[in-house]
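Okay, structure first, notes after.
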Amino acid sequence: MPQQFWLMKSEPDVFGIETLAAQPAQTTAWDGVRNYQARNMIRDQMKRGDLAFFYHSNCAEPGIVGIVEIVREAYPDATAGNPTSEYFDPKHSVDNPRWFVVEVQLQRRLKQTITLAAMKDDPALAEMPLVRRGNRLSVMPVTAAEWQHILSLE
DNA sequence: GCCAACGTTGGC
DNA sequence: GCCAACGTTGGC
C-alpha cells in the first residue's frame, strides 16, 4: 500500500506538540480515541510509514503545528482496560478489545502554525472534513494533493 | 462561556 | 428499529 496521509487532533492543554517532543524517542501511543469512525481508521488503515499532521484543537489558535510518522500499527489501547483511567471502558477487554492505538513519532515541528482559519480560506482545501461545519472527527484522512498543498502554506 | 453539530444511549 | 434526551466536541 502506498504511503497515506492523515490529520490527528489533540488538545494542547491535554497533550500538545511540546509534550510529544518531550517523550522518549519523541514517540507516543495515540490513546484515548473513543469514536468508532476514528477507531476504524486507526485499527484498519493506518500503516507504518504513513505521515500525519499534528493538529491543535480547542485552543486559541487551532491549526497544524507539526508532522508525525506512524511508527507502530494498531494494538489495543491500554487505557481502555484501566479502571483508574479517564478513558476506561468496561466493555473493552483483553479478549475482545474495542479500542486501539497506533504509535506516532515526531518528525518535525512546523516553522509556523498553519491555522484552521487559513485552511478555511483556501479553496484547494474545501473538501477536507476539517473545514466542514460541525466536523468532530479526531482522526481523518488527507489526500496526497491536500498534503502537498498544506505544506506549501508553511 | 456559548452554542451548533454530532454521536451515543436507552426507553418503547 | 425509532427517536428523544443527553453528553461531547470544538470553533468562536
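Each chain gets a letter, A, B and so on, in the order its sequence line appears, and its residues count up from 1. Nothing here was measured: the structure is a model prediction, and the numbers come from that model.
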Residues 60-81 of chain A vs ring-ring contact (aromatic ring centres under 6.0 Å, His included), sequence neighbours excluded, gives none
Contacts of T19(A) meeting side-chain contact (heavy atoms from CB on, under 4.5 Å) (sequence neighbours excluded), chain-then-number -> F15(A), Q23(A)
Heavy-atom contacts, protein to nucleotides 6-12 of chain C, under 4.0 Å, summarised as B (base), S (sugar-phosphate only) or - (none) per nt, yield -BBSBBS
- When you look at E69(A) and R48(A), which way does the salt bridge (Lys or Arg N to Asp or Glu O under 4.0 Å) test go after all the steps? CA-CA 8 Å; E69(A) 179 178 347; R48(A) 205 156 59 83; over 6 Å; no
For Q105(A), the side chain to side chain donor-acceptor pair (under 3.5 Å) test, sequence neighbours excluded, returns none
Contacts of A22(A) meeting side-chain contact (heavy atoms from CB on, under 4.5 Å) (sequence neighbours excluded), chain-then-number -> none
Correct closest heavy-atom pair for Q112(A) and L153(A) would be NE2-O, 4.1 Å
Using a cutoff of under 3.5 Å, can you pull out all pairs of nitrogen or oxygen atoms linking the protein to nucleotides 1-3 of chain C, with atom names and distances?
none

Taking every heavy atom of V33(A) against every heavy atom of D77(A), the minimum-distance pair comes out as N-OD2, 4.4 Å
